[in-house]
**Q** 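Structure incoming, see below.
We use all heavy atoms of the structure for the numbers below, so side chains are in, but hydrogens, waters and symmetry mates are not.
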Amino acid sequence: MLDRSTEILTLIQQGRLSPALARLKLWLKKDPGSAPAWHLLGVVQLHRHDYNAAEAALQQALQIRPEDAYARNNRSLVLLRLGRAEESRREAQAAIARQANEPGFLANLGYACEALRDYVAMADAFERALALGADLKECGLAIAKARRQLQHWAEARAALAPLSLTDPDVLTETLVLAHSSGDRATIARTEARCEGGWDTIAGALVKAGQFEPAEDYYQRHLQCHPGDASARYLLEALTGRVAREANAAYVSAVFDDAAEQFDQHLLGPLDYQAPAWLTRHLPKWAPVNRVWDFGCGTGLAAGPIKQFYPEADLIGFDLSAAMLEQAGQKGQYRALHQLDIRDPHLFDVLPADQQAPDLVLLMDVLIYVPDASRWLANAMTLMPKDCRWVITLEQGHHERIHKQGRIQHDGDELMAALPPHRCLYDETAPLRVEAGKTVTGRWLVLVS
């Protein structure tokens, strides 16, 4: 007969998370001091993508049994999913200190170092994991990426050499490396192996700052798929076109794909500043009763809002169903709505008890709204008097598509088009990091 731990692990491996969770609740009701039960509960919540619940369970397991290297390793992974990369690195190091020969522990350390943009340590961690028998493809791609970031071209090529170009991930990284290092022979040889997927390769090149070849690859993709509106939009972004219309399908697809690891990526490698900025400034705007969080994503703004205003009525809106699922797991929104904020019926479809906010968040939202001045002017006329608007912009040429597919706006032009309003706050400050460079944002707080 299987013991309880083995039975629950089997259920987790089979993807049967609900019965695993039910068994764990019974176990903990009978034995609340069981470290294995708390550890397994953390693993179940990790698989359910409820990272806050997973972190709490693993923390409880470690309070009971601090020497458990596997619980520390799993907590490292959860912390990384929560975007707490430095804590994740420390926990991974603590796991390795207790059990040095586990390749999975080293891989988790490597991913934490990637989030911290410590590519030397990332390469070292994955090289050590590989020496201990970790997956060749996972480690090879990670080492190649780290070495490429460091411009260690020969070491990056060596990491890719044992991998098969029939794998799309390997082919993509090979082309990104070749373009980054100016290796024309490898470009020609690898392109000859491509049977499609030019849009995927183009996207990877954009992330690496290789815009000219990305433009060429989007054009190749569109020759075969002329109806792909998302690829056409991204090609227009690379050529610096003025934004004429939003591409809701593109935005929804991008964020659906990114949702599971969005917090990890945004708060880690991209060093996204909005949650920290809210934490610093929210206390100045008391009272806050009802908040509309436009483009709420996974709910990163909910933590600061609830920290200062635990009774605030928080309503979230987003295009991406996967993002809303992540936000719902945080348990801090009274209601979540999947819709395009540019829908002219937006203000009609909400129930009466969700109307009339006194704070509206538009944080990294107008970067997907081409005619933002007109949209915001209309929205402000429909809000209650003295409603406050927290807005971040990617400051630049007004309503021009940036190379990464976001729409830039000029804050002065935006405000000049609005109805009478007061500006409580106007600052130019870092918004995030992209391709190793700081992206400057415009931070505005307006009162309608």
**Q** As a quick check of understanding, evaluate side chain to side chain donor-acceptor pair (under 3.5 Å) for R193 and T190, giving each step before the final call.
**A** CA-CA 5 Å; R193 303 286 297 271; T190 309; over 6 Å; no
**Q** For the residue pair W292 and F294, does the interplanar ring angle fall in the parallel (under 30°), tilted (30 to 60°) or perpendicular (over 60°) class?
**A** perpendicular
**Q** So, taking the atom named CD in E87 and the one named CG in L79, what distance separates them when rounded to the nearest 0.5 Å?
**A** 5.5 Å
**Q** Run through H49, E55, R48 and flag the one making a side chain to side chain donor-acceptor pair (under 3.5 Å) with Y51.
**A** H49
**Q** Could you go step by step and tell me if E114 and F126 meet the side-chain contact (heavy atoms from CB on, under 4.5 Å) rule?
**A** CA-CA 11 Å; E114 179 183 18; F126 278 104; 5.8 Å; no
**Q** Looking at A429, is its backbone amide N or carbonyl O close enough to the side chain of W443 to form a donor-acceptor pair, meaning the two atoms are under 3.5 Å apart?
**A** yes
**Q** Might you work through the side-chain contact (heavy atoms from CB on, under 4.5 Å) test for R157 and S181, ending with a clear yes or no?
**A** CA-CA 10 Å; R157 293 187 193 102; S181 61; 3.3 Å; yes
**Q** Going through the checks in order, is the side chain to side chain donor-acceptor pair (under 3.5 Å) test met by D3 and T6?
**A** CA-CA 6 Å; D3 64 31; T6 303; 2.8 Å; yes
**Q** Are the charged groups of E394 and R432 less than 4.0 angstrom apart, N to O?
**A** yes
**Q** Do the side chains of R72 and D68 get close enough for a salt bridge, i.e. N-O under 4.0 angstrom?
**A** no
**Q** Using modelled atom types and a 3.5 Å cut-off, is there a donor and acceptor pairing between side-chain atoms of W38 and backbone atoms of P32?
**A** yes
**Q** Nearest 0.5 Å, what's the CD-CD distance between Q307 and Q332?
**A** 10.5 Å
**Q** Verify, without hydrogens or angle tests, whether R98 (side chain) and A94 (backbone) share a donor-acceptor contact under 3.5 angstrom.
**A** yes
**Q** Supply the atom-to-atom distance L314 CG to R290 CZ, rounded to the nearest 0.5 angstrom.
**A** 11.0 Å
**Q** Would the distance check show the side chain of D199 and the main-chain N or O of H221 forming a donor-acceptor pair, the cut-off being under 3.5 Å?
**A** no
**Q** Can you list the steps and then say if L235 with E215 is a side-chain contact (heavy atoms from CB on, under 4.5 Å)?
**A** CA-CA 6 Å; L235 177 58; E215 184 177 338; 3.4 Å; yes
**Q** Please check this pair: side chain of K137 against backbone of L163, looking for a donor-acceptor N/O pair closer than 3.5 Å.
**A** no
**Q** Strictly below 4.0 Å, N to O, side chains only: are R128 and D124 in salt-bridge contact?
**A** yes
**Q** Is there side-chain contact between P357 and I315, with heavy atoms separated by less than 4.5 Å?
**A** no
**Q** How are the rings of H337 and F317 set to each other: parallel, tilted or perpendicular (split at 30° and 60°)?
**A** parallel
**Q** Look at the side chain of S88 and the backbone N and O of S76, then say whether any donor-acceptor pair between them is shorter than 3.5 Å.
**A** yes
**Q** Would you say the side-chain atoms of Y217 and E191 include a donor-acceptor pair closer than 3.5 Å?
**A** yes
**Q** Salt bridge check: are D31 and R4 linked by an N-O gap of less than 4.0 Å?
**A** no
**Q** Quick one: which of L11, L28, L24 gives a side-chain contact (heavy atoms from CB on, under 4.5 Å) with L40?
**A** L24
